[in-house]
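Encoded as C-alpha cells, the structure appears first; notes follow it.
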Amino acid sequence: GLRAHREAVQFVAQDPDDQLFAADVFRDVSFGPINLGLPDEQVRERVAHALEVLSITDLADRPIHELSYGQRKRVAMAGAMAMQPCVLLMDEPTAGMNPQETRQAEELIFKIRDSGLAIVVIEHDMRFIFNLCDRVCCLVRGEVLVQGSGDVVQNDPRVIEAYIGSPAEDLPATGADTPEPGTDAG
C-alpha cells in the first residue's frame with residue numbers, strides 16, 4: 001500500500017524550504033521514521049546514519065532557519081535517507097548552490113549512489129548527469145528525445161542541438177575570412 005511506497009521511494013524537492021518544517025535538524029530528519037512508528041532507538045540510529053552520510057552530524061541541534069541554503073538541501077536529503085528507501089528521487093539537487101556547495105553536493109550524491117541506492121535525478125546540468133547516471137533519459141518539452149547510456153545520449157546529435165543549439169547564422173565568420181584587427185574589412 002501507500003505506506004510501503006513511502007518507505008521504498010523518497011523524494012527530495014528542488015527547494016529544501018518546500019520540504020523542511022521542523023524547528024531543528026534532528027527533529028526534521030526524524031519526522032519520517034517517527035511516523036513509521038519505529039522505536040526511539042531505531043529512529044535515533046537512522047537519523048545518526050543519515051546525518052553521517054551527508055556530513056552534517058554537527059548540525060543535528062541547529063535550528064533550520066540558521067542554516068545556509070546548501071546545508072538545508074543536505075538536511076532535506078538526510079530526511080529522505082533516514083527513511084532507508086530503495087529509490088531516491090531528486091529534483092535539481094544542486095540548483096541554487098554556489099560552486100563549492102555544488103561540488104560538495106555532487107560528491108555526496110555520488111557517495112549515496114555508490115552505496116547501492118538507486119537514484120533518479122531530474123537535472124539541467126548535463127555534465128553532472130553524464131557523470132552520475134548509468135542510464136540517461138533526455139526530455140525536450142516533456143517528450144523523450146533519447147535514452148541510453150551517458151555516452152550514447154551525450155553524443156546524440158539531437159541532444160547537442162536541443163541543449164547547445166546550432167551556431168547563429170548572423171555571427172561573423174572566424175578563421176581565414178575574418179579580417180585582422182585594424183584592417184579594412186571592405
- Message: I'd like to know whether CG of Asp134 has more than 12 heavy-atom contacts from other residues, nucleotides or ligands below 6.0 angstrom.
- Response: no
- Message: Please determine whether a side-chain nitrogen of the Lys or Arg among Arg103 and Glu107 lies less than 4.0 Å from a carboxylate oxygen of the Asp or Glu.
- Response: yes
- Query: Atom NE2 of His65 and atom CG of Asp24: how far apart are they, to the nearest 0.5 Å?
  - Reply: 11.0 Å
- Query: So how far is it from Leu51 CG to Arg74 CZ, rounded to the nearest 0.5 Å?
  - Reply: 11.0 Å
- Do Ile129 and Phe110 share a hydrophobic cluster, counting only Ile, Leu, Val, Met, Phe, Trp and Tyr and linking them when any side-chain heavy atoms are less than 4.5 Å apart? yes
- Check whether Leu36 and Phe26 end up in the same hydrophobic cluster, where Ile, Leu, Val, Met, Phe, Trp and Tyr are linked by side-chain heavy atoms less than 4.5 Å apart. yes
- Measuring from Asp125:CG to Phe130:CZ, what's the distance to the nearest 0.5 Å? 10.0 Å
- Item | Residues, nucleotides or ligands: over 12 heavy atoms within 6.0 Å of Glu143 CD | no
- Message: Check whether Gln42 reaches the backbone of Pro39 with its side chain - one donor and one acceptor, N or O, closer than 3.5 Å.
- Response: no
- Shortest non-hydrogen pair, Ala22 vs Asp28, comes out as N-OD2, 3.0 Å
- One should read off an interatomic distance between Phe128 CZ and Thr102 OG1, to the nearest 0.5 angstrom, of 9.5 Å
- Query: With sequence neighbours left out, what residues match Phe11 under ring-ring contact (aromatic ring centres under 6.0 Å, His included)?
  - Reply: none
- Rounded to the nearest 0.5 Å, what's the gap from CD1 on Ile109 to CD on Glu123? Could you check? 8.0 Å
- Is there a side-chain contact between Gln71 and Ile56 (heavy atoms, below 4.5 Å)? no
- Message: Quick check against the 3.5 Å criterion: does Lys73 have a side-chain atom that pairs as donor or acceptor with the backbone of Ala13?
- Response: no
- Evaluate the side-chain contact (heavy atoms from CB on, under 4.5 Å) criterion for residues Arg127 and Glu106: first the C-alpha distance (whole Å), next the side-chain angles of each, then the deciding distance (0.1 Å), finally the verdict. CA-CA 11 Å; Arg127 175 202 53 83; Glu106 288 175 354; 2.8 Å; yes
- Query: Minimum heavy-atom separation for Val12 to Ala80, with atom names?
  - Reply: CG2-CB, 3.7 Å
- Query: Can you get from Ile112 to Val121 by hopping between Ile, Leu, Val, Met, Phe, Trp and Tyr side chains that sit under 4.5 Å apart?
  - Reply: yes
- Nearest-0.5 Å distance that lies between atom CG in Leu139 and atom CD in Gln147: 9.0 Å
- Message: Does Gln104 form a side-chain contact (heavy atoms from CB on, under 4.5 Å) with Ser55? I'd like the steps, not just the answer.
- Response: CA-CA 10 Å; Gln104 291 170 347; Ser55 302; over 6 Å; no
- Message: I need the minimum non-hydrogen distance between Arg72 and Asp17, along with the two atoms involved.
- Response: NE-OD1, 2.8 Å
- Query: Partners of Asp91 by salt bridge (charged side-chain N to carboxylate O under 4.0 Å, His left out), sequence neighbours excluded?
  - Reply: none
- Non-hydrogen atoms of Leu117 and Met81 that approach each other most closely: CD2-SD, 3.7 Å
- Candidate pair Ile64 and Val25, rule side-chain contact (heavy atoms from CB on, under 4.5 Å), full reasoning: CA-CA 6 Å; Ile64 296 289; Val25 171; 4.0 Å; yes
- Closest non-hydrogen atoms of Ala82 and Arg46, given as atom of the first, atom of the second and distance, are O-CD, 3.0 Å
- Query: Should Ile119 and Leu54 be regarded as members of a common hydrophobic cluster, given that ILVMFWY residues are connected when their side-chain heavy atoms come within less than 4.5 Å of each other, either directly or indirectly?
  - Reply: yes
- Message: When you measure from the side chain of Glu66 to the backbone of Pro63, do you find a donor-acceptor pair of N or O atoms at a distance under 3.5 Å?
- Response: no
- Message: Is it true that, when you exclude Arg27 itself, more than 12 heavy atoms of the residues, nucleotides or ligands shown sit nearer than 6.0 Å to its CZ?
- Response: no
- Message: Which heavy atom of Pro93 sits nearest to which heavy atom of Ile122, and what is that distance?
- Response: CD-O, 4.0 Å
- Taking Arg158 for the side chain and Leu145 for the main chain, is one N or O donor matched with an acceptor at less than 3.5 Å? yes
- Message: For residues Val47 and Leu38: do they belong to one hydrophobic cluster (side chain heavy atoms under 4.5 Å, members Ile, Leu, Val, Met, Phe, Trp, Tyr)?
- Response: yes
- Residues, nucleotides or ligands: over 12 heavy atoms within 6.0 Å of Asp18 CG: yes
